[in-house]
Amino acid sequence: MTARALITGVVGQDGSYLAEHLLSKGYIVRGITRRASYPHTQRIDHLFAMYDDRDPECPFRVTYADLTDSSSLQNVLLDFQPTEVYNLAAQSHVGISFDTGESTLDINAIGPFRLLDSIRRVCGPDVRFYQASSSEMFGASPPPQSELTPFLPQSPYGAAKAAAYYLTRMHRVAYGMFAANGILFNHESPRRGLNFVTRKITYTIARIIAGDVDRIELGNLDAKRDWGFSGDYVDAIWRILQHTEADDFVVATGETHTVREFVAHAFSILGLDWEDFVSVTDRFKRPAEVPALLGDASKARRLLGWQPKVGFAELCQMMLESDLAARGHTLDEARVQAKSLRPSVPRVRRK
Ligand code: NAP
Ligand code: F7E
């Protein structure tokens, strides 16, 4: 039987890479997206161009549904009859979750419950379910973090993801469902949303080179993150659902860097000193911070045979090159242009 994957959050960063990954393996893929007032399918437009959805055999389709709307979830489950469900949809910005706590809890905690409950009622226990859990659940627990590390969430986002993690396990235990958690540490790509710190940095550097702006404003530079590449992580997500039994897995690189190191490295690729172009503002600081994340993914390595391919420096350069290319610059051209830039952040403001 052909595997049939339902992906929530298909227009997001991971959803787009996962759809590509599953299509390349011969899956029939159905994505769901919620209504937006303006089209936001940029990350999957190349897939729409590859497949003709007027063809009844088309392996890739996208339907409207919303994690806050059980009836829409039941409709798509009844219509599509998936063999695997990947729940990637979420309000995924930690900082914004402090401003939108209630809706973040609704989408990120009750949303997975609605989906699990609907799968149980509509599809039965044979459907495999993946929950996009997060290293943000570890919060204040010191590194390194593994599947055995206690959760101490520091944000509405982290608390909601922890609730969803336990609800996923509960459906495994109570109803015998194949319900698994991937506890993924930060993962980035050229498709990363513009207001996550890595992409904000590479995108704004490209704008500095183009002369649109003269600096980047950032918040906490001391936070440490274990940053990997989304393209590598969707393979781990797929492997988690192919494992012999439903289980929970940390997915991480095992290397950690501060935000300061990321921004310094990104500027250094162009031969620039980051301190000439970065100012720190309280505006981007959070009411509570997760100080340090460093994942121990030895269980995923051992049981899933998974390991990341893209490292920190390669990831940073890949994102910068992509943002420069979108503005018509090669890396070499940007390096030449960088030589003519004057520092925009006065020394006195650097503290
Ligand atoms: P992303 O780019 O923000 O994608 C999330 C997607 O969820 C977006 O396309 C969003 O749609 C959709 N969504 C939000 N609310 C929805 C709702 N009510 N109904 C249906 N769809 C909804 O995030 P990502 O980086 O791909 O992350 C994928 C998942 O992994 C998320 O659950 C995230 O929390 C989790 N995660 C991410 C990381 C990471 O570092 N990237 C690490 C650990 C866990 P709109 O475009 O319409 O907003
Ligand atoms: O922040 C600091 C910020 O927003 C990283 C999501 O994918 O990973 C992500 O959550 C760090 C934090 O990611 C700015 O305070 C400094 O310490 O890129 P971020 P995140 O909060 O770690 C987890 C695992 C997820 O599950 C989430 O979905 O960078 N930081 N200055 C800043 N962060 C932002 N966004 N913007 C700044 O200007």
Side-chain angles (χ1 to χ4, degrees), residues 7-18 31-44 64-69 72-73 86-97 103-104 106-108 110-112 114-115 130-139 153-155 157-158 160-161 164-165 181-189 191-201 204 216-230 233-234 237 250-252 257-260 262-263 278-293 295:
I7 304 177
T8 74
V10 74
V11 302
Q13 172 187 249
D14 293 1
S16 65
Y17 283 112
L18 182 65
I32 68 162
T33 184
R34 58 182 171 170
R35 189 260 172 184
S37 65
Y38 200 75
H40 62 315
T41 55
Q42 303 90 320
R43 294 178 177 113
I44 55 167
Y64 285 112
D66 195 308
L67 278 197
T68 61
D69 175 348
S72 72
L73 299 174
Y86 296 86
N87 183 35
L88 307 184
Q91 189 300 92
S92 68
H93 200 285
V94 174
I96 293 171
S97 79
S103 59
T104 299
D106 191 8
I107 298 167
N108 295 8
I110 305 177
R114 292 185 185 101
L115 189 52
Y130 173 87
Q131 168 59 18
S133 287
S134 164
S135 55
E136 191 68 18
M137 301 185 305
F138 296 123
Q154 297 283 85
S155 62
Y157 173 87
K161 284 287 182 180
Y165 167 93
N181 285 289
I183 307 173
L184 272 54
F185 283 60
N186 299 52
H187 47 280
E188 321 293 310
S189 74
R191 299 183 196 170
R192 186 57 144 151
L194 294 175
N195 58 0
F196 296 92
V197 76
T198 54
R199 183 77 198 284
K200 177 175 170 179
I201 290 166
T204 313
I216 309 180
E217 290 193 328
L218 295 174
N220 178 12
L221 301 182
D222 296 322
K224 290 180 157 183
R225 291 292 182 272
D226 178 333
W227 280 296
F229 171 51
S230 173
Y233 284 37
V234 297
I237 290 173
V250 159
V251 176
H257 294 272
T258 60
V259 172
R260 184 181 290 98
F262 189 95
V263 74
V278 174
S279 60
V280 170
T281 159
D282 287 346
R283 223 175 104 210
F284 296 111
K285 291 186 177 160
R286 297 168 183 182
E289 179 61 280
V290 171
L293 291 173

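Both ligands and their constituent atoms are indexed starting at 1 by order of listing.
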task = Report yes if Thr198 has an N/O atom closer than 3.5 Å to an N/O atom of ligand 2; otherwise report no.
result = no
task = Please list, chain by chain and in numerical order, all residues satisfying side chain to side chain donor-acceptor pair (under 3.5 Å) with Thr104, sequence neighbours excluded.
result = Gln91, Thr100
remark   = Looking only at non-hydrogen atoms, the one of Gly219, Ser230, Ser97 nearest atom 31 (N) of ligand 2 is Gly219
inquiry  = With a 4.0 Å cut-off on N to O distance, would you call Glu188 and Lys200 a salt bridge?
reply    = no
task = Could you go through the salt bridge (Lys or Arg N to Asp or Glu O under 4.0 Å) check for Lys161 and Glu136 one step at a time?
result = CA-CA 8 Å; Lys161 284 287 182 180; Glu136 191 68 18; over 6 Å; no
key: Proximity winner for atom 1 (O) of ligand 2, if only heavy atoms of Glu217, Arg286, Lys200 are counted   = Arg286
query = With a 4.0 Å cut-off on heavy atoms, is Ser135 touching ligand 2?
reply = yes
message = Please list the nearest protein heavy atom to atom 32 (C) of ligand 2 with its residue and the distance rounded to 0.1 Å.
response = Val197 CG2, 3.5 Å
key: Closest protein heavy atom to atom 27 (C) of ligand 2, given as residue, atom name and distance to 0.1 Å   = Ser92 O, 3.3 Å
ask   = Just going by heavy-atom distances, which of Ala292, Ser134, Gly12 is nearest to atom 26 (O) of ligand 2?
value = Ser134
request  = Work out whether the distance between some heavy atom of Lys161 and some atom of ligand 2 is less than 4.0 Å.
outcome  = no
request  = Below 4.0 Å from any atom of ligand 1, which residues have a heavy atom? Give them in chain and number order, please.
outcome  = Gly9, Val11, Gly12, Gln13, Asp14, Arg34, His40, Asp66, Leu67, Leu88, Ala89, Ala90, Ser92, Ile107, Ala132, Ser133, Ser134, Tyr157, Lys161, Leu184, Phe185, Asn186, His187, Arg192
Whether Arg192 lies under 4.0 Å from ligand 2, heavy atom = yes
